[in-house]
Structures are given as structure tokens and as C-alpha cells.
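To find a chain, count down the sequence lines: A is the first, B the second, and so on, and within it residues start at 1. Since the structure is predicted, the reported quantities are computational estimates derived from the model, not experimental observations.
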Amino acid sequence: MVTQRANHKWGMVVDLDKCTGCQACVVACQAENNIPINVKSFYQQRRAYQWIRIERYWEGEFPNVKARFIPILCQHCENAPCEPVCPVFATYHNDEGMNVQVYNRCIGTRYCSVNCPYTVRMFNYWEPQWPNRLRNQLNPDVTIRTRGIMEKCTFCVQRLRRGEVNVERRGLEPLTGERIPVGDRNLDSKRMKEGNYMPACVQSCPTNALMFADQHDDTSPVKEIFEEANEQIETRHHGGHVDEEHTRVYRLFEEIGTKPNVIYLKKVDAFPLEKA
Amino acid sequence: MAATEPKGHGQHAGLWVFPDVSVMSREVTEKTKSSPRPLTMALVVTGILFVLGIVGFIARAADDGFNDISAWGYYLSVFSMVFMVTSGAPLAAVAFRFTKSHWRRPLSRVSELFAIAGILNILLFIPLMFLLPSIGNPDAVGGLIEGELAVRRTIWFEAPIGSPHAWDLVGVAGLVVTALFILWLSAMPDMAESRHTATGFRRTLYSKLSGNWYGTKKQWNAQKAGLALLGAFYFMTLIFMQFVISSDYAQSLIPGWKDSIFPVIYTITSLHMGLGAVLVTLFILRRFGGYDGYIGKSTFWSASKVMLGITLLWIYHLFAFFITFWYGRLEVEQNIIKYLITDTYAIIFLLNLAFSFVLPFAVLIWNPVRRSDWGPALAGGLLIVGGIMFNIRIFVGSANAAPGSDIYAYFFEHVPSPVYPDIWDVFMVIGGLAAAAFVYLLATRLLPVLSLWEVKEGALYQKWGKLHRGEYLILGKPE
Amino acid sequence: MQEGTPLQSRQINRELLVSILNSPKWFFGTISVLGIGVLIAMSTAGFMINQGFGVTGLNRPVMWGFFITNFVFWIGISHAGVMLSAILRLSKAEWRRPATRAAEILTVFSLMTAMTMPLIHTGRPWRTVYWIYTLPFVPYDYARGIWPNIRTPLVWDPSAVYTYLTSSILFVLVALIPDFAVLRDRTTGMSHRIYGMLAMGWQGNPRQWKLQIIAGVLLSALILPVFVSVHSIVSWDFGMAVSVKSWHSTIFAPYFVVGAVHSGVSAVAFVLIILRYIYSWQNYIRHEHIDALARLLIVVATGWFYFFVMEVVFGFYGREADEIAVRDYQFMVSPWNIWMMIFVGVTYFAPVAIWLSRSARRNLWIMSLACILVNIGMWLERFLIIVPGLARKQLLTFDWYTYTPSAVEWIIIIGTFFLVTMLMVIVARVVPLIPLYDIKEGEILRTEIKVGRVTVPATFRED
Amino acid sequence: MAKAPILGLFETADNAADAGDALKAAGVSSADYDFLTDAPYPEGAFGEREEPHRLYIFPFVGALIGLTCGIMLTSMTQMAYPLVQGGKPILSLPPMAVVTYESTMLTAIVFTIIGIIFESRLPSFKQGLYDTRITEGYIGVLVNVEEDQLTQTQTLLTQAGAVDVVRNQGA
């Protein structure tokens, strides 16, 4: 007997104030999603596979400079520019607010990557290879992508699916394993944390700069952040004015109208650079 | 009266007229001098409407002053209507003279005479100089706003002295003057021909303007070269001025509207209105003016093909604009589509679409209709209405998109509701159009509406000839 | 506009069928050289497909490069044919007669060549069947119930290009029927039978001729909208991309179409000059034809320049930092600024300066130089639109990069030029590249008008 | 009494036209003789009969068929595979317009081609009486007459200036 899934809308919040640019998320993603080893030449040819990457920007002039870090991953846009341009329906928007990629359909026109403002879509220029000693670390839940197709961040959909099966369908508490009454078999953020049903990057972030949860889940920390962001859009639509000083919430390239499901929180700079 | 044509083979009978040049000059000058009753009636009516328009203008000025452009949307649009017609119409003469088409000969003077009505453009434009908000953001002066918001988005990037207002006026004036020069140069032989027979003010006018034209070979060559050069120059100036007007008074008033195809659409609409006006005038002359001996249906037929072409061009460019804005999900683009097409001005847009594309296309696609004289004229009338709708939609929309200082906002973030005309606006729109008609009617009394020398020249190169058993038209192509 | 001497139809047959009835010595040599070039390109493509796209110069921001550029270029060349034959037929220009056939055939072959580009540029070409068979009426992968995603320009493309290809092939074949009849009467044996089949028992009675003439005009009128739509849709491949600032411009459709006509007509002029040279068709491809083409080209080029200026002006108009970044990269950063200068120079200023002088228009060497310049420029135009736009896609400067094509790409690109040339040379052996009956009609209809002492060339017109 | 074809070849168009007049005078109905040329002479150059045709129907029919097919294909495929893409409606009209337009034009053109071939009575592989000299500039006058009148038709054609007269073997 399979119970009906709750309808989810996943979202991520990146707190730039906490991000130290330690690249733990990048490594975790690499390990979780069977991403090929990025050898030196890949970086030289600008073909490195990084479903999530830390972009580093310098602020100010030497000697007084500051490094700024921003982790960039697939923004899982509501109005994703990459989706409608695929001739073979290889990428589309599923009902959980995720932008999914169907590897078997992809024929590699690379139009989606061209049309992605965040350049987070990777193309497999070569057949992926692992040294033999790493064969056994491949994640059995994730397909290995062949050459010639696009791939990108999936919000670790395989982990979410496991969570759905365990909690919502089989109804087991992630930690204790006792049965949950049919009434509240929902994948709230507590259970997600307990069962690690969250993207590898979020799980591995040492400063909790990354938060991932269901936007419909009242207990989730991201809920009010998303609500705040949506309110801002509403006010601007009705000719109102948003005070940029008193809000940290923003989305990448908001004016493109992609409505990402990833929200960034501005850095609060305690010691700003004195303007030279 | 004109000689009747021999019966050709097939369905082409009745297409060509071969004017009897011996009596043409006398007849046409007679017609120019005479003032039949319907004409005087039309003059009176248009004159009254003209006055109404002036009244409307004064009232509007008294009500709102010249500070806020959002009250003047309809005035903006009526200026653009007159500008489109009077600047687009002479292009018909210029372009088809350029392609050496014989059928254009009866048409050219009719279209050139619009240059006189074009003088209105300058008068109508002067108030607009005061209406257009400045490029530099007045709030930015106090250093309150820096960077992108310090200036409006315009084509005058760094805002040189007096731009855009003064330069626009210079451009409009230059365009009008060029058109008048073309008219003068092309009318010179005709004026010279009748400068001695004419009487009254016409005599003095003709003899003044025709100078010492005696039709020597040298003079003819000079005239042809001059017409070609002026024509090319006029064409360039026209394209440029329409680009300037359309982006200064429409595009740059809607914050964040970045639409590189809009000037092209504007120019095409202007061609619609110009060619439409020319064909309607030709039809009236042929049917009621007694010029049927000189204006053959072939003129309508050939013009109708061009018209069909520009009708398709219009919808093509409109779709190119629409699909590009629709496909992207940019907020500002979605809002502009909502504002100008789907929500606010939806009805006007539908009318515009119907009159600029659907109906004319449905009329012109039938070969027999194109061969008639009423068909193309009807399509021309429809295109004029479509152009009027276009101007109302675009200019009223632009003037009211961001009233006050929002005009310096960076994005067009919320969609305002439509603005309906009040009585003064109606007065101004009708009055403006009537003014153009009024001036044009006066102009037809001033100069012959038929370019005599061109028709005579054409008579040399077109005749009927036999090939074996059939009889066909022979067209000569002089180098 | 008719110079030259009147021609007998015997003479016309003899001179225009020279390329078919007696085989020139250079033929097989040329074919083999070209064929080897094509083979090299094909094997290179095979190598690329076998190895993966790593062998190209593409990278993450710049996912489209030479192949797409070349695709757009050949589509552009293909616009010559219908542009010339349709517009000139409709406007009943006398000087169209020798130009139409060659132009239409060039259309067909450049279209075919263009379509190979998107095929080999996909990551998994062996699966492109799922994409290409999205013609109207041919839904693909029916079994799994997956249907074409008609929302993407990449599906508008095939539908438009195949419509264009089908209709121009049919157009050429229908116009060829009378000439096939001529060949049927001149040949023997196998070729006689084949030409007989193709001529479909053409007799040349008034009814057939009347319909042939109507067909020319009607089909032109029908194909003209298709030809406009094709390049518009190709341009929308770029115009629909919101994320690349310099691409998302409303003017792209007309801008690309005019540019295509510009390069295409120049290409046709060049082909005509070559034909005149190798088959010594001085009586048919006369100086006034090239002259007329050049004068047409002045107008086209100026129109193109207008759209180009519009595109650039409104690029800066937005004052958006990301757009400015692209424009700055295009116009300021070396080597792109040098390419940009070369492109504008050889696409507009140099050729138009040449075409403005009558003597240069009538000098075939200078004309062919100008035409080649235009096509180099138009190739550069597409390149300078596509690559800088991608290299400076958005303001994530961390991801900005550039693009340098690899040898593989160069070889395949050059191979396409070999391919088109080879196809043209082969087809010149089997069908007349100048429509015989069109020339003969011109001879029948030509006459003169006497005005005073001078006689003006004139033509009989049915309407 | 069957009709038999006879073909007279003329050097000049005027002679051919004379032959046409002569045949008309001799009471041969205009449906029974035809002028075979190697180039399109303007309509009526030989005073021949009008040729009615219904070619203009074909493109319209084709366009209608293509329009319906295009609309059905585009709309039904979108409905049949309802995946949300880029926040666009499942049934998005502007893309439909593009593909529908192409299919309309394609069918219109294909139908026109069919119409041309059909209306000009091609292919007709069992070609009647014909002479290869026609494509050399000679003008053929092809007459269908009762077999007993063949000889006088031949003389008539020769008087009109035929350089040669061809008849079926065995007639």
C-alpha cells in the first residue's frame, strides 16, 4: 500500500555571511553524484564538472583586498530559460519545483547550457573515467553520464526519493525507525535532517551556510525567507518600493525573471573596506 | 479626352490608359484653376475641423500646461499621424522614380504634394519640444541618484547640447525642406510650361519658381540628377528621423523598453499611411476628379503589389517583436507586452492588427480586386485607419506609462490602466488630421496634381504593338 | 536593359548545353580533388564523433562555436536563390533570366550543407533522429508517446528549413521540365531515357507554357514568405536566448534576413562570373547582368547596414552592465575588435565603395573580389555575434572565457566549402545552369521603340 | 472514323500563325490543332484558343489542409505530453504559430506543384506525334483530323510554308 506523497516545493537558501569558501560542498557533490575527476586539463580547457562551484571575487585594491565567495549551483528556476529550448524534452520542471534533467533523452544540442544565465549546466566533452581504485566509491543511486549529454545539479534527488520512500510511504522515523502514524507522514525539516535526506552540499557545509527544505513545510527555516522574497516581488509589481538597505534576501539575476528556487542572503560586512 | 486603348488579349483590357498628351496640359491646368463645389465644401469642412483642433489644443494647454507629458498623449499621437502620412507619402514618388517604373508617373505629383502638408509637422512639433522630459534626471542633480538612474535611457547617450529637443526640430524641419525641394524640382518643368498662360497669383508663383527653365538638355539632365540625389538624401533623412522620433517620443518614455525593431515597425507603418493616402487621393481623382484619362488602373495594380508586400512586412516585424518579448520571461518585457498588446491597450491593438494587416491582406490577396481601382484604394483607407490606431496605442501608451518622475525608473515594473480621450483630445486628433487634408486640398489648387512632364515622358516609352497575331504592351527601358 | 546580339535558339541550345553534351577535360580532375577534400572533412567528423566533443575548442561558457556559425552562414547563402528568382520574377526584371537557375541550385545545395552542421554538432548525433524528424506530420518516437517540443526554436528550425528545402527542390525541378525536354531531344541511350522520364513527355504546347509561366510567378510568391521565415527562425535560435544579452534583441529576424540576402546575392554573382569564365557564356551572362546585381547589392548592403546600426545602437541603449560587457568585448578587446573592424569594412564599406563606380561594376575581377569580401565579412558577422555573446554571457565574471577553434573544426568548416563546390560542379554536368527557355523567351519578347533618332530597347509585356 | 495526328514544322512564327488561320478557315475546330514551341510565346501570339485552368484553387486547398494539420499537430502534441517548461503554458500559442505557418506553406507549395503538373496534363509518357526539331526553334503545328482529310491538311500546311510535315507511320 502506497500512500499519496505530500506535494513539496524544494528550495535552498545560501547565507553568504556564513560562507567561508571552503569548497566542502564541491567535494561532497563530487563524491555523491559520480562526477568525473576534474583533472588539470579540464580546468585549463574550462570544461571542469562542478555541479556546485565556489566563485571567488576580489574586492578592493592590493594591499587592502577582501575575498568574496559565492557558491553557485543550478538555481532550479521556476521560469527556467533552459527548459523550453530543449527539442527532446530532456529537461523540464517537475511538480516539486525542481528542474530535472533526463539523461536518456538528451541528444546534446547544448542549447540549454547556452540559454542558462548561471552557466551551471555541464556538458560531457569526454567519456567519464575513474581510476580503478575509485570504482567502488561510485554512488549506486546515481547514473553515470555518458559523453555528449548535459548534466547539472539535481538537488540530490536520489536522497529526497529515499526520504519519501522511507518516511512518506513506509512511514519509518529516520532515527529510531519506529512507525509514524499515517496522519503525519510528512517529510518535515526535522526528519530530513535526521535522515540526511538533503543534498550532499547542505549536509557537508561546516558553517551551515546552505539551508535546504520544503517551502511548504511550516517547520522549515527557509519558509519565511522565501515568503519575504516573494513579498518583495509583489510590492514591486504594485508600484511599491523595496528598501534595499533593510533586507538581505535576493535572487541571482532577478531582472531576468527566472524566479530561482535558490535564495541568497547578502553578506553583512562588519569591517567594510575604506574606499580608497 | 484621353484616347481609348485597343483591346488587348486576355484579361488585361482596361488596365492601361494612354493619355492624349496634346490636350493634357490645357485640361489639367483648367482643372487646377477650377474649384468645383464638392471641393469647396471639403475645404470648408476641413477648415472648420482645423479650427476645432486649434481650440482643443488651446484648451488642453490651458488645462494642463506643458509640464507633464502624460496629459498630451493624444496630441503626441496626432503629431505622429500627420508626420507619418506627410513624410511617408513623398517616398512613393522618390522610390518608384528610383526604380524607373513607368506606372508611377501619374502617381508622383500626388505623393509629392504631401510635402506642402508636411509644413504642419514643424508647427505641430514645436509644443512637443517643451513636453519631452529632459534626459538628465532632475532628482540626480542634487546627487540623490547616481549611476544608471542619473539619466533616462535614450539614443542620445551622453546627452549633447540641446538634445534631443532642438535636434529633433532641426531634423523634422530638414526633412520637410528636403521634401519641398523635391517637389519644387519636379514641378519646375510644369510650372515653366504654364507660367505664361496662367493668370493671377499662379502666374507670379510659377514664373518666380520656375526660374529660367527652358527645358534644355542640360537642364533636364541636371533635374534628373538633382531628383535622384535629393531622393536618396530624403530617404536617408526619413529613416533617421523616424528612428529618432519613434525612440525619443515613444520608446524612451517607457522605462526599460529596449526594442531595437520598433523604429522599423514605425517606418513601415509610416509607409502604410503614406502609400494609403496617395492611393486614396488617386482614386478620388480618377473617379470624381475626371482624371480617368490619365490615371490608369495599372498604377493601382502595381502599387497594390507593393502594398501587399508592406502589409506582410508589418505583421512580420510585429511578430518578431512579440515572440522575442514573449519567449524570454524578463519582467519588464512581460509588462510591456501586457501594457501595449494584451491588457491595457488590447482593444486598440486588435483594431490596429485588423486594419493594418488582416483586412487589407484579405482585400489585396485577390487578383481581380488588385486589378480594380477601388480595391487598392480601399486597402489604403484601411491601412490609414490602422496607422491611426497604431499611433494612439504607442504614443498615448508611452506618454502615460510612467508619469512624473517614474520616467527615470530603471524598469517598467507595474502596468498602468489605459487613458481615454476627453473632448479636447478628440478635437485635437480630428483637427490635426483635418488640417493635413485642408492644406493638401489647398496645395492641389496651387500646382497641377498630375506631373505633366513625367506623363509625357512615359507616353514616349509605352505603346501597343503586334507580335504575330496578338497585341501587347511594349515597355521601353531608357538607360 | 538588353545589350548583346540576338541569338538563334539553335545557337542557344548548342552554347548552353556545352557543359552537358560534351564533357570537359578538367571535370574528373576537379571532382577528384574536391572529393578528396570532402572525404577528409567527413573522416574528421567521424573522428570527432568517435572521440567526443573534447577534440573541439568548445568550453563551458562558449558551447556553440564554428559549427553553428557555419550553419548560419550556409543558410544565409541559400537565401540567394529564391531571393533573386522570386523577387526578380515578381518584378518582371528582364535581367533575371540567366541568373535564376544557378541561384536556385545554389540554394538547394547550400541548404543541404547547412543542415549537416547541426547534425554533427550534437553530442550524440546517432540520436538526432529524435530531433530531426520533427517535421510537420512526422511525430517521432511515437511508441513512447514522446512528441516534438514545438516550443523550442530548434524544432522551428527543421520545420522551416525542410519546408524551404522541399519547396526549392520542387521549384527547380518544375522549372527544369522544358529544359529536360530539350536534353531528351539531344541525347541518346540511357541518358535519353532518363531525361525523357524527367521531362514527363513535355511537348511545349501553349497550355503547358502558360502554366509554366504562371508556375514561376505563383511559386515565387509562395516561396518568398517561406524564405523570409527560414532565416528569421534561424535568428530566433539566438533571439530567444534571454541569458545571452547581446542575442536577445528583437531586430534579429530582419537583420539576419537582410544579411543573408546580402551574402547570398554576392555568392550568386560570384558563381555567375565563374560560369561565364569556364563555359565562356559571354553572350548570356553579360556585363549588364553583373552590373544590375551589383546595383541591387548596393541597396541590400545599405539596408543591412541600417539594421546593423540599429542592433548596435540599441545594444548600448539599454545601459545594462552585462550588455555593455559584451559590447565592450566585441568592440574594444583584441582580437575581437580587429575582427569587428575587418568585418564591417569588408561587409559594407569596401564593397559598396567598389560598386558605386560603374567601371568597377563591369570589371569581373573586381566584382568577384567584392563578392568574396562580402562573404568573408558575413561569415565573420555570425562568428562575432555568436562567440563574444557567449564568452561574456552574464555578469558572473568568474565564468568568462574565450574560444579558439581546434584543427578539427577548421577542417570540417573548409570541407563544407569543398562539398558545395563539388555538388555545383557535378550538377553543372547534368542540368543546364542557365534556363534555356527563359533566354529564348527573352529573345522573342525583345523589341525596340524609336524616339526621334534614338532606339530604346523595349520588351513585349503581357500585362 | 478515328482521328489521326499530323505535325507541320515551320521556320518562322508568322508562317505557323498563317497555318493556324488557314486551319481555322478550313473549319478545323480550335481544339484540334496546337502549336508546339521551344519557348513561351506570349499568350495569343498565334491567335490560338484561350486555355482555361484552375491552378489557383490548388494553393488555397493545400494551405487549408496544411493549416488544419499544423494546428492539430502542434496543439495535440503539447496536450499529449504536458510537461511544464520554463513557466510557459502547456498550450503556448506563439510557438504553435511558427510551426503551423511552416506546415501551411509547405502543403500549399506541394499542392501548387501537383496542380501545375496536373493542369499541364503531365506526365504523358505515350507522347503523341512529335519532332525533335521543335526544340531547335522550329514551330510545330499539331493537327488532329479525320484520317481521310490527312492529305489535304498536309497540303494546307505546306502552302502555309511548312518546311516539313510529319505523319504517323502506317497512316
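For a residue to count as touching a neighbouring chain, one of its non-hydrogen atoms must lie under 4.5 Å from one of that chain's; by this rule C/I233 touches chain D with the side chain only. Of the atoms belonging to D/P94, not a single heavy atom falls under 4.5 Å from chain C. With a 4.5 Å cut-off on non-hydrogen atoms, C/L222 touches chain D through its backbone and its side chain both. At a 4.5 Å heavy-atom cutoff, the contact between D/T112 and chain C is made by side-chain atoms alone. The contact between C/I150 and chain D is made by backbone and side chain atoms together, counting heavy-atom distances below 4.5 Å. Neither the backbone nor the side chain of D/F46 comes within less than 4.5 Å of any heavy atom in chain C. D/I117 touches chain C through its side chain: at least one heavy atom from C-beta onward sits under 4.5 Å away, while N, CA, C and O do not. In this structure, the portions of C/P225 lying under 4.5 Å from any heavy atom of chain D include both its backbone and its side chain. Residue contact with chain C, scored on non-hydrogen atoms closer than 4.5 Å, is absent for D/M76. Using a 4.5 Å cut-off between heavy atoms, C/N13 contacts chain D through its side chain alone, with no backbone atom that close. Residue contact with chain D, scored on non-hydrogen atoms closer than 4.5 Å, involves the side chain of C/V174 exclusively. In this structure, the portion of C/R186 lying under 4.5 Å from any heavy atom of chain D is its side chain and not its backbone.
The greatest number of non-hydrogen atom pairs below 4.5 Å with chain D, out of C/Q208, C/K210, C/Q212, is found for C/K210. Counting heavy-atom pairs under 4.5 Å between each of D/I109, D/L142, D/L55 and chain C puts D/I109 at the top. Options D/D131, D/L83, D/V98 differ in how many heavy-atom pairs under 4.5 Å they form with chain C, and the most are formed by D/V98. Among the candidates D/M72, D/Q78, D/M96, the residue making the largest number of heavy-atom pairs closer than 4.5 Å to chain C is D/Q78. In terms of heavy-atom pairs under 4.5 Å with chain D, the best-connected choice from C/L170, C/V230, C/T166 is C/L170. Top candidate by heavy-atom pairs under 4.5 Å with chain C, chosen from D/V110, D/I134, D/I116, is D/I116. The residue among C/I213, C/T152, C/L219, C/D438 with the most heavy atom pairs within less than 4.5 Å of chain D is C/L219. For chain D, the option among C/A160, C/S167, C/P178 with the highest count of heavy-atom pairs below 4.5 Å is C/A160. Across D/K88, D/Q85, D/R133, the residue that shares the most heavy-atom pairs under 4.5 angstrom with chain C is D/Q85.
Between the side chain of D/Y81 and the backbone N or O of C/N149, no donor-acceptor pair lies under 3.5 Å. C/Q394 contributes a side-chain N or O that, together with a main-chain N or O of C/S243, makes up a donor-acceptor pair within less than 3.5 Å. Looking at D/H53, its side chain never comes within 3.5 Å of a backbone N or O of D/E119 through a donor-acceptor pair. Side-chain atoms of C/W209 come within 3.5 Å of backbone N or O of C/G204 as a donor-acceptor pair. Looking at D/T74, its side chain never comes within 3.5 Å of a backbone N or O of D/T100 through a donor-acceptor pair.
Taking the six-membered ring for Trp and thresholds of 30 and 60 degrees, C/H79 and C/F227 have ring planes inclined between 30 and 60 degrees apart.
Side-chain N/O atoms of D/Y130 and C/Q203 include no donor and acceptor closer than 3.5 Å. Residues C/R151 and D/S92 bring a donor and an acceptor atom of their side chains to less than 3.5 Å of each other. With no hydrogens or angles considered, a side-chain donor-acceptor pair links C/R10 and D/Y138 at under 3.5 Å. Remark: the D/E102 side chain and the C/S229 side chain contain an N/O donor-acceptor pair separated by less than 3.5 Å. Side chains of C/D185 and D/T135: a donor on one and an acceptor on the other come within 3.5 Å.
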Check step by step if salt bridge (Lys or Arg N to Asp or Glu O under 4.0 Å) holds for C/R207 and D/D34.
CA-CA 9 Å; C/R207 181 187 187 85; D/D34 233 338; over 6 Å; no
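Salt bridge C/E104/C/R89: present, at least one basic N to carboxylate O contact under 4.0 Å.
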